Amino acid sequence: MKLRAIYIGDVRFDECPVFELNEETNYFEMLNDKEMRYERQCVEEDEDFLIFKVENDVATLIKG
């Protein structure tokens, strides 16, 4: 299972970055640029992030 997040404001653009939780560092890292990252707590507490559980190619919204 993976935890992934998107920032709501990014849907205005042509591409929407996806962040995935790195359990070792406890940061959500952008899939295309690992240097762009946010602490897990910041993402979980920010109302503007949607968090999904991804398992077997099925995404389920867990915080929105």
Side-chain angles (χ1 to χ4, degrees):
M1 182 201 60
K2 301 173 187 173
L3 282 182
R4 290 191 171 171
I6 60 171
Y7 182 72
I8 293 171
D10 287 339
V11 299
R12 298 172 291 152
F13 304 106
D14 292 340
E15 294 184 23
C16 184
V18 176
F19 296 84
E20 184 172 289
L21 179 63
N22 179 331
E23 302 255 357
E24 292 178 17
T25 63
N26 221 25
Y27 277 82
F28 276 90
E29 300 172 343
M30 185 187 296
L31 293 178
N32 294 334
D33 180 3
K34 302 289 187 202
E35 291 184 27
M36 182 63 184
R37 62 189 189 152
Y38 297 100
E39 290 183 18
R40 180 180 189 162
Q41 182 179 355
C42 292
V43 172
E44 291 177 340
E45 293 176 358
D46 191 328
E47 299 275 329
D48 291 329
F49 272 98
L50 303 176
I51 301 176
F52 299 85
K53 174 179 75 171
V54 180
E55 195 166 18
N56 300 322
D57 289 333
V58 176
T60 306
L61 181 65
I62 60 172
K63 182 216 156 239

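Please read all numbers here as calculations on a predicted model, not as lab measurements.
- Atom OG1 of T25 is separated from atom NZ of K34 by 9.5 Å, given to the nearest 0.5 angstrom.
- Residue L31 holds its CG atom at 5.0 Å from CZ of R4, rounded to the nearest 0.5 Å.
- Side-chain contact between I6 and I51: absent, with no pair of heavy atoms (C-beta onward) separated by less than 4.5 Å.
- Under the 4.5 Å side-chain heavy-atom criterion for grouping Ile, Leu, Val, Met, Phe, Trp and Tyr, V54 is not connected to V43 through any hydrophobic cluster.
- Judged purely by atom type and a 3.5 angstrom limit, N56 has no side-chain atom pairing as donor or acceptor with the backbone of V58.
- For the atom pair CZ (R37) and CG (N26), the distance works out to 10.5 Å, reported to the nearest 0.5 Å.
- Under the 4.5 Å side-chain contact rule for hydrophobic residues, M30 and Y38 share a cluster.
- The two residues F52 and A59 have their closest heavy-atom pair at CD2-CB, 4.4 Å.
- N32 CG: 12 or fewer foreign heavy atoms inside a 6.0 Å radius.
- Hydrophobic clustering (ILVMFWY, side-chain heavy atoms < 4.5 Å, transitive): M1 and L61 are in distinct clusters.
- E29 meets the salt bridge (charged side-chain N to carboxylate O under 4.0 Å, His left out) test with no other residue; sequence neighbours excluded.
- Remark: side-chain polar atoms of K63 are not paired, donor with acceptor, to backbone N or O of E45 under 3.5 angstrom.
- From F28, atom CZ reaches atom CD of Q41 across 12.0 Å, with rounding to the nearest 0.5 Å.
- Under the 4.5 Å side-chain contact rule for hydrophobic residues, L21 and Y7 share a cluster.
- To the nearest 0.5 Å, the span separating CG on D33 from CZ on F19 amounts to 9.0 Å.
- Distance check: L3 CG to I62 CD1 gives 5.0 Å after rounding to the nearest 0.5 Å.
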